[in-house]
Amino acid sequence: PKPEVDYKAPQETLRDGIEEIRTMYDLMVLAMQTDLSRVLTYRQPLESLLKTLKITYTGHQISHYHGSEGRTRDAKSRELKQTELFAGFIDQLKQTRDFDGSRLFDNCLVSYGSNIRTGHMLKNVPAFVTGNAKGKIRHGQHLVMPEDTALCNLWLTLLQTCDVPAESFGDSDGVVSEMLV
């Protein structure tokens, strides 16, 4: 039987980008807590978030912020709000108990990042990794990978950490061993 949870579903259509993200994070926690899913992906609704923050640039325009004081300011505002919302999600994982009484945070692995930085390049993209992953990940470090390291190396590392027997992923050429305990 699935665990019972105490969650009041929203009664109205969400029109606020911030509340939409918070609700989705709530649903992700519920999916894990009730064991409906242990693998989740989520792409934040950037346009509705920008609208809620009263930012008039589109998601694409704001990704090209170099040389524009207004876009740089608005990009920082967006990134701050996204990071605050993500931190709230992590706090939820730490506060929510899994079926065995442990914290969800201790039994999961969460990656958060972007597929691009300013411009249209897949180089030097940011990525956060958190969750205890049953003690397999070394936390509290900032890694700067050598230039031209494939982002798929991160994905391969995370797959193997979760006991998926993958030898490669996309254009990976190895794992990020610095992340592992």
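Below, all heavy atoms of this structure are taken into account, side chains as well, without hydrogens, waters or symmetry copies. Keep in mind that this is a model prediction, so the values were computed, not measured. All residue numbers in this chain count up from 1 along the given sequence.
- Although no hydrogens or angles enter the test, the distance criterion places no donor-acceptor pair under 3.5 Å between the side chain of K94 and the main chain of F105.
- A donor and an acceptor atom, one from each side chain of E20 and S48, are located under 3.5 Å apart.
- The backbone N or O of D173 sits less than 3.5 Å from a side-chain atom of N153, completing a donor-acceptor pair.
- D98 and Q33 share no side-chain donor-acceptor pair at under 3.5 Å.
- Between Y25 and F89, the two ring planes are parallel [angle under 30°; tilted spans 30° to 60°].
- Residues V129 and V164 fall within the same hydrophobic cluster, defined by Ile, Leu, Val, Met, Phe, Trp and Tyr side chains chained together at heavy-atom separations under 4.5 Å.
- Side chain of H139 to main chain of G131: a donor-acceptor pair is present (N/O by atom type, distance under 3.5 Å, no hydrogens or angles).
- Using a distance-only test at 3.5 Å, with no hydrogens or angles considered, no donor-acceptor pair links the side chain of T52 to the main chain of D16.
- In the hydrophobic cluster analysis, where Ile, Leu, Val, Met, Phe, Trp and Tyr join through side-chain heavy atoms closer than 4.5 angstrom, L180 is grouped together with L159.
- Judged by distance alone, with hydrogens and angles left aside, the side-chain atoms of T34 form a donor-acceptor pair with the main-chain N or O of L30 at under 3.5 Å.
- Under the 4.5 Å side-chain heavy-atom criterion for Ile, Leu, Val, Met, Phe, Trp and Tyr, V29 and F99 are members of distinct hydrophobic clusters.
- Separating the CZ atom in R103 from the CG atom in L93 is a distance of 9.5 Å, to the nearest 0.5 Å.
- Under the side-chain contact (heavy atoms from CB on, under 4.5 Å) criterion, C152 pairs with W155, F169, D171, S172, not counting sequence neighbours.
- Using a 3.5 Å distance cut-off with no hydrogens or angles, the side chains of N132 and N107 do not pair a donor with an acceptor.
- Shortest non-hydrogen contact noted between L156 and G174 is CD2-O, 3.7 Å.
- In this structure, the separation between CD1 on I90 and OG1 on T130 is 5.0 Å, given to the nearest 0.5 Å.
- We find the CE-OG1 distance between M179 and T161 to be 6.0 Å, quoted to the nearest 0.5 Å.
- Under the 4.5 Å side-chain contact rule for hydrophobic residues, L40 and V110 share a cluster.
- Within the 3.5 Å criterion, the main-chain N or O of T58 finds no donor-acceptor partner in the side chain of E47.
- Counting non-hydrogen atoms of neighbouring residues, nucleotides and ligands closer than 6.0 angstrom, the CD atom of Q141 exceeds 12 such neighbours.
- Residues that satisfy the side-chain contact (heavy atoms from CB on, under 4.5 Å) test with A87, not counting sequence neighbours, are absent from this structure.
- When all heavy atoms of I55 and D74 are compared, the closest pair comes out as CD1-O, 3.5 Å.
- The two residues Q61 and R71 come nearest to each other via the heavy atoms O-CD, 3.2 Å.
- The CG atom of D26 lies 12.0 Å from the CD1 atom of I21; values are rounded to the nearest 0.5 Å.
- Salt-bridge annotation for K76 and E79: absent, with no side-chain N of the basic residue lying under 4.0 Å from a carboxylate O of the acidic one.
- Of the possible polar contacts, one joining the R38 side chain to the M32 backbone as a donor-acceptor pair under 3.5 Å is found.
- Of all non-hydrogen atoms in V176 and L143, the two that sit nearest each other are CG1-CD1, 4.1 Å.
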Candidate pair L50 and R78, rule side chain to side chain contact (heavy atoms under 4.5 Å, CB included), full reasoning: CA-CA 7 Å; L50 294 174; R78 178 212 60 206; 3.9 Å; yes

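- Between the R138 side chain and the E178 main chain, a donor and an acceptor come within less than 3.5 Å of each other.
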Derivation of the side chain to side chain contact (heavy atoms under 4.5 Å, CB included) call for V181 and K136: CA-CA 5 Å; V181 173; K136 297 178 182 179; 5.7 Å; no

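- The OH atom of Y42 sits 12.5 Å away from atom CZ of F86, with the distance rounded to the nearest 0.5 Å.
- Nearest approach of I62 to A75, heavy atoms of both residues: CD1-N, 3.5 Å.
- Contact detail for S77 and L53: the closest heavy-atom pair is O-CD1, 4.3 Å.
- Atom CG of L158 sits about 4.5 Å away from atom CG of L154, to the nearest 0.5 Å.
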